[in-house]
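Right, one structure below, let's go through it.
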Amino acid sequence: MRQFLTRSQRETAKLAKTLAQEIIKKPLKIGKALIIGLEGELGSGKTTFIKGFAKGLGIKRRLTSPTFVLLKKYKIPKNPNIYLYHLDCYRLNRTKDLLGLDFPEIIWIKFKIISEKERRIIIRN
Ligand SMILES: Nc1ncnc2c1ncn2[C@@H]1O[C@H](COP(=O)(O)OP(=O)(O)O)[C@@H](O)[C@H]1O
Ligand SMILES: [Mg+2]
């Protein structure tokens with residue numbers, strides 16, 4: 001478990017970018033997904049985080065929330081066999097079933113609002 005305290009939106013994006021760069025360096029197994037669950041109340045920084053994360057993967061497209069679709073798929077420029085899928089799990093009970101993946105690796109990230117500008121980010125894997 002790793003805990004961080006960010007003091008601005010920019011810091012949260014930067015943290016996510018660093019994590020993405022760390023993850024993309026490790027080889028992913030074929031047919032296996034790495035699921036990163038983001039949990040936290042509205043305004044806690046989940047969208048900020050995923051935008052920074054996508055940037056860390058080298059994705060240049062602007063990420064938009066998959067509000068009207070179940071998921072959005074993004075190509076990762078330097079890794080043609082890997083995709084980023086952005087799912088909104090409010091709308092789905094069993095995301096893993098949808099993906100049809102066995103024993104996916106899971107990283108869980110919790111976001112807590114500490115003050116107007118401070119967010120506690122807890123990463124479990
Ligand atoms: N340390 C911080 N990290 C991320 N967002 C922050 C931080 N401090 C303030 N904010 C503000 O909180 C809001 C986070 O919004 P957003 O990322 O859309 O959250 P969520 O997707 O969880 O609803 C933004 O308005 C942002 O400016
Ligand atoms: Mg959001």
Side-chain angles (χ1 to χ4, degrees):
M1 192 182 89
R2 286 187 281 174
Q3 280 201 53
F4 300 89
L5 182 78
T6 65
R7 293 184 174 82
S8 67
Q9 184 167 37
R10 202 191 168 90
E11 261 189 49
T12 296
K14 179 78 203 308
L15 173 67
K17 189 179 170 188
T18 305
L19 181 71
Q21 287 167 340
E22 197 180 283
I23 285 171
I24 202 75
K25 270 193 273 174
K26 296 179 197 159
L28 278 169
K29 293 195 185 95
I30 305 282
K32 217 170 191 194
L34 172 63
I35 294 177
I36 304 176
L38 308 181
E39 184 195 312
E41 65 183 287
L42 198 73
S44 61
K46 304 180 296 295
T47 297
T48 300
F49 189 92
I50 193 168
K51 284 182 174 171
F53 192 86
K55 209 170 167 187
L57 297 179
I59 295 168
K60 297 284 191 291
R61 268 174 69 198
R62 199 170 67 92
L63 253 82
T64 52
S65 195
T67 308
F68 300 107
V69 290
L70 209 50
L71 59 87
K72 286 201 165 177
K73 185 179 181 179
Y74 297 88
K75 279 186 181 167
I76 299 173
K78 285 175 188 161
N79 293 271
N81 302 315
I82 306 172
Y83 296 90
L84 172 71
Y85 293 89
H86 183 192
L87 283 83
D88 207 328
C89 296
Y90 296 107
R91 298 150 49 74
L92 202 65
N93 285 326
R94 307 197 66 187
T95 308
K96 283 180 277 178
D97 290 353
L98 175 92
L99 293 172
L101 298 158
D102 297 327
F103 309 111
E105 285 184 62
I106 296 179
I107 294 178
W108 206 256
I109 307 180
K110 269 195 179 169
F111 296 80
K112 287 181 187 161
I113 300 179
I114 304 298
S115 69
E116 194 195 341
K117 294 280 174 196
E118 291 175 315
R119 302 292 183 270
R120 167 93 52 218
I121 299 174
I122 304 159
I123 304 177
R124 282 195 185 80
N125 55 343

Please round to the nearest 0.5 Å and tell me the distance separating atom [atom1] of [X] and atom [atom2] of [Y].
{"X": "Ile76", "Y": "Lys78", "atom1": "CD1", "atom2": "NZ", "answer": "12.0 Å"}
{"X": "His86", "Y": "Ile50", "atom1": "NE2", "atom2": "CD1", "answer": "3.5 Å"}
{"X": "Ile36", "Y": "Ile107", "atom1": "CD1", "atom2": "CD1", "answer": "4.5 Å"}
{"X": "Ile123", "Y": "Met1", "atom1": "CD1", "atom2": "CE", "answer": "10.5 Å"}
{"X": "Glu39", "Y": "Ile109", "atom1": "CD", "atom2": "CD1", "answer": "11.5 Å"}

Within-4.5 Å side-chain heavy-atom neighbours: Arg7 and Lys117: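 No, every pair of side-chain atoms sits at 4.5 Å or beyond.
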Hydrophobic cluster partners of Leu5 (side-chain heavy atoms under 4.5 Å):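 Cluster partners of Leu5: Ile114.
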Among Glu118, Arg119, Arg120, the one residue meeting side chain to side chain contact (heavy atoms under 4.5 Å, CB included) with Thr6: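 For Thr6, the side chain to side chain contact (heavy atoms under 4.5 Å, CB included) test succeeds with only one of Glu118, Arg119, Arg120, which is Arg119.
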Positive for side chain to side chain contact (heavy atoms under 4.5 Å, CB included) with Ile59, one of Lys55, Arg62, Arg61: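 The option that passes is Arg61.
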Residues that Thr48 engages under side-chain contact (heavy atoms from CB on, under 4.5 Å), provided they are two or more places apart: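 Gln9, Thr12, Ala13.
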Listed partners of Phe49 passing ring pair (Phe, Tyr, Trp, His ring centres under 6.0 Å), at least two apart: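 Residues passing ring pair (Phe, Tyr, Trp, His ring centres under 6.0 Å) with Phe49: Phe111.
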Minimum heavy-atom distance between Ile113 and Leu42, given as atom pair plus value: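 Between these two residues, the closest heavy atoms are CD1-O, 3.8 Å.
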Which atom of Pro77 lies closest to which atom of Leu57, heavy atoms considered: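 Heavy atoms of Pro77 and Leu57 come nearest at CD-O, 4.0 Å.
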For Ser8, all residues meeting side-chain hydrogen bond (donor to acceptor under 3.5 Å, both in side chains), sequence neighbours excluded: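 With sequence neighbours excluded, Ser8 shows a side-chain hydrogen bond (donor to acceptor under 3.5 Å, both in side chains) to no residue whatsoever.
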Under 3.5 Å: donor-acceptor pair, side chain of Lys46, backbone of Glu41: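 Flag set: sc Lys46 to bb Glu41 pair under 3.5 Å.
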Pairs involving residues 2-33, ordered by first then second residue, that meet ring-ring contact (aromatic ring centres under 6.0 Å, His included) (sequence neighbours left out):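 Every candidate ring-ring contact (aromatic ring centres under 6.0 Å, His included) pair involving residues 2-33 fails, so no pair, neighbours aside, qualifies.
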ILVMFWY network linking Ile122 to Trp108, side-chain heavy atoms under 4.5 angstrom: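 As far as the 4.5 Å side-chain criterion goes, Trp108 and Ile122 are not connected within one cluster.
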Run the side-chain donor-acceptor check on residues 16-23: report pairs under 3.5 Å with partners two or more places apart or on a different chain.
| from | atom 1 | to | atom 2 | distance (Å) |
| --- | --- | --- | --- | --- |
| Thr18 | OG1 | Lys14 | O | 2.9 |
| Glu22 | OE2 | Arg2 | NH2 | 3.1 |

Lys72 atom NZ, neighbour heavy-atom count above 12 within 6.0 Å: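 Enclosed.
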